[in-house]
Every structure is written in C-alpha cells, then in structure tokens.
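Structure, as structure tokens:
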Amino acid sequence: MSPKSSLDLLAIGAHPDDVELSCGGLLASLSEKGRSVAVADLTEGELGSQGTVDLRRQEAKAAGEILGLVRRENMAFPDAGITDGSATGDEGCNPQLEKAVALIRRLKPKMLAIPYWKSRHPDHAATGELFTRALFYSGVAKFAPRAGEKHSVPQVIYYQMRLSFQPSFIVDITHSHEKKMQSIRAYHSQVTREDGSDTLVSSPLSLDSVVARDAYFGSMIGVPYGEAYLTRNAIGVKDPMELFSEYPGKNSLFLREEQ
C-alpha cells in the first residue's frame, strides 16, 4: 500500500489480540467485502502472564491473515505504560500522542475503531483517550508538523471490551463470526493454560463468553451474531425506509428499556 493510499478502516488495540476479541467480526466482514482494513497494536504484550513477545508476534501475524488485513504494525509502546496523551514531553508535545497522530496521518483511514474510553484495564481506557485526542490533532496542520501532513478522519467508532455500553449500532457479523473465532484461537499462548493457572482470557469460559456476547447482540437485531459499537456523534440517515428494511426490529429477542 502506497503512503498516499487511504484505508477504509484502521483498528487500534492496546495489546495483540484486543481487536480480535472485540471487533474481529467487523474486520473480517469488511475484508470479505473488499474493504481495506489494517490494525495497529500499541504494545507487544510483554507483561502478559503467558507467551513471549516473539510468539505473540507470530500469533498476531497469523490472526491478521485470517481476518484478511492489508497491514498490521506494532507501535512498541510499553505494556502498562500507555498514556492518555494529555501530559506534555520535553518539547511540549506528548510523545505517544505525536506517534498516534503520525500513524493516522501516514495511513489516512476513512474510519477509526478504538476501545471504549471506559475500561477495567488502564491500557484499554488510555488507548481510547489517546486516540480520541489524536483524531482531533491529526487534523490540525500546525500540530507536530514533523508528524506529517494533516489528515482528518471522517468517523470514529468505539468497540466494547469488558465494560458494556448502550450501542449506537450493532453490526451483523453472522457470516464472519467463525473467522473471528479462528483469529482469536490463533493466539494459542493466550487462550490455553500453559502452566495450569487461569488468566481472564485463558479461563475455560472466556471464548464461550465471547460467543455468548456476540449472540446476545445479534439477538437485539434478529440475527445469530452481532458486535456493538458506540459513536459520540449522531448518525445521519438519508432513507430510513432503506435502513430498516433489512433489520426491521420485529425479530429482536431483546428490547431496549424505555427512556
């Protein structure tokens, strides 16, 4: 992909396997439709309880191939050291914020998928805040000009991790769900118990919980599997008749509580 190319979607994860667990169905679905999709992992997960950095690199590469990514790169931020981008460095700019801005300006995505800014894991929450800031500053020409020419991303969506939210929309991932699960299982070091102890991801019910969550959100739109996303801005619709013709709502097994 040339430097001037424009990605359809760039997904950001704090650690290798974050995007697979959270928005892997969307990534696989878009790739199957011929969209260009890329992933940037901020850390190499070097503090993970299981596996090694080299092994997780191999697993991330294999997972990316399953999802059909056009590129995947690692920002080499320190695990447990991701900041929200607010503190300034010696030269008046937060180093991680500048690197995040440079990434956006270089890859020029049309849409960015980042973690929900509220999370039980500090790295996940910080990643959401960091790239929310980077989205703004990547479009400010005088901000860190050495980070490249400005680029404004038209849309950002937030994906759900362990902490739930009321979704702005739900994506039907029924046809790409198996690829999502295959990409998660590619992280063999993370989803299996090597030393007999459980981590959150390697516990016996972890993969079952992913399937259950996707089935729950799918049931909200009347399909087998779905993924929930949040936007901070209103979503414009030109033709609501067309929008709701495929997912009319009457097939939903769960309804929202009245406000």
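Computation of the quantities below employed the complete heavy-atom set of this structure, encompassing side-chain atoms and omitting hydrogens, waters and symmetry-equivalent molecules. Predicted, not measured: the structure shown is a model, and the values here were computed from it.
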Describe, in one word, how the ring planes of Tyr229 and Phe169 are oriented to each other, choosing from parallel (under 30°), tilted (30 to 60°) and perpendicular (over 60°).
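Correct class here is parallel.
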Give the ring-plane orientation class for His15 versus His124, where under 30° counts as parallel, over 60° as perpendicular and anything between as tilted.
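Aromatic pair His15/His124 classed perpendicular.
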Joint cluster assignment, [X] & [Y], ILVMFWY side-chain distance < 4.5 Å:
{"X": "Ile235", "Y": "Leu243", "answer": "no"}
{"X": "Phe244", "Y": "Val223", "answer": "no"}
{"X": "Tyr187", "Y": "Leu207", "answer": "no"}
{"X": "Val19", "Y": "Val53", "answer": "no"}

Between the side chain of [X] and the main-chain N/O of [Y], is any donor-acceptor distance below 3.5 Å?
{"X": "Asp123", "Y": "Ala14", "answer": "no"}
{"X": "Thr52", "Y": "Leu55", "answer": "yes"}
{"X": "Glu98", "Y": "Arg146", "answer": "no"}
{"X": "Asp8", "Y": "Val37", "answer": "no"}
{"X": "Arg72", "Y": "Val39", "answer": "no"}
{"X": "His177", "Y": "Val211", "answer": "no"}
{"X": "Asn74", "Y": "Thr43", "answer": "yes"}
{"X": "Glu46", "Y": "Asp79", "answer": "yes"}
{"X": "Ser183", "Y": "Ile66", "answer": "no"}
{"X": "Arg133", "Y": "Asp84", "answer": "yes"}

Hey, are the side chains of [X] and [Y] touching, using non-hydrogen atoms and a 4.5 Å cut-off?
{"X": "Leu42", "Y": "Ile12", "value": "yes"}
{"X": "Trp117", "Y": "Thr132", "value": "no"}
{"X": "Gln96", "Y": "Pro78", "value": "yes"}
{"X": "Tyr158", "Y": "Arg232", "value": "yes"}
{"X": "Ser29", "Y": "Lys33", "value": "yes"}
{"X": "Val171", "Y": "Tyr159", "value": "no"}

Any side-chain donor paired with an acceptor under 3.5 Å for Tyr116 and Ser22?
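There is no such pair between these side chains.
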Do you see a donor-acceptor pair shorter than 3.5 Å between the side chains of Ser189 and Glu59?
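Yes, a side-chain donor-acceptor pair sits under 3.5 Å.
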Side chain to side chain contact (heavy atoms under 4.5 Å, CB included) with Ala100: which residues, sequence neighbours excluded?
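In terms of side chain to side chain contact (heavy atoms under 4.5 Å, CB included), with neighbours along the sequence ignored, Ala100 is linked to Leu130, Phe131, Ala134.
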Quick one: pull up [atom1] in [X] and [atom2] in [Y] and give me the separation to the nearest 0.5 Å.
{"X": "Arg106", "Y": "Leu10", "atom1": "CZ", "atom2": "CG", "value": "9.5 Å"}
{"X": "Ile114", "Y": "Ile157", "atom1": "CD1", "atom2": "CD1", "value": "9.5 Å"}
{"X": "Ser138", "Y": "Lys108", "atom1": "OG", "atom2": "NZ", "value": "10.5 Å"}
{"X": "Ile221", "Y": "Glu246", "atom1": "CD1", "atom2": "CD", "value": "9.0 Å"}

Are more than 12 heavy atoms, taken from residues, nucleotides or ligands other than [X], located less than 6.0 Å from that residue's [atom1] atom?
{"X": "Arg35", "atom1": "CZ", "answer": "no"}
{"X": "Phe77", "atom1": "CZ", "answer": "yes"}
{"X": "Phe136", "atom1": "CZ", "answer": "no"}

Are Arg185 and Glu178 ion-paired here, with the side-chain N under 4.0 Å from a carboxylate O?
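Answer for the salt bridge query: yes.
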Can we say Arg56 and Glu44 salt-bridge, meaning some charged N sits less than 4.0 Å from an Asp/Glu carboxylate O?
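No, this pair does not count.
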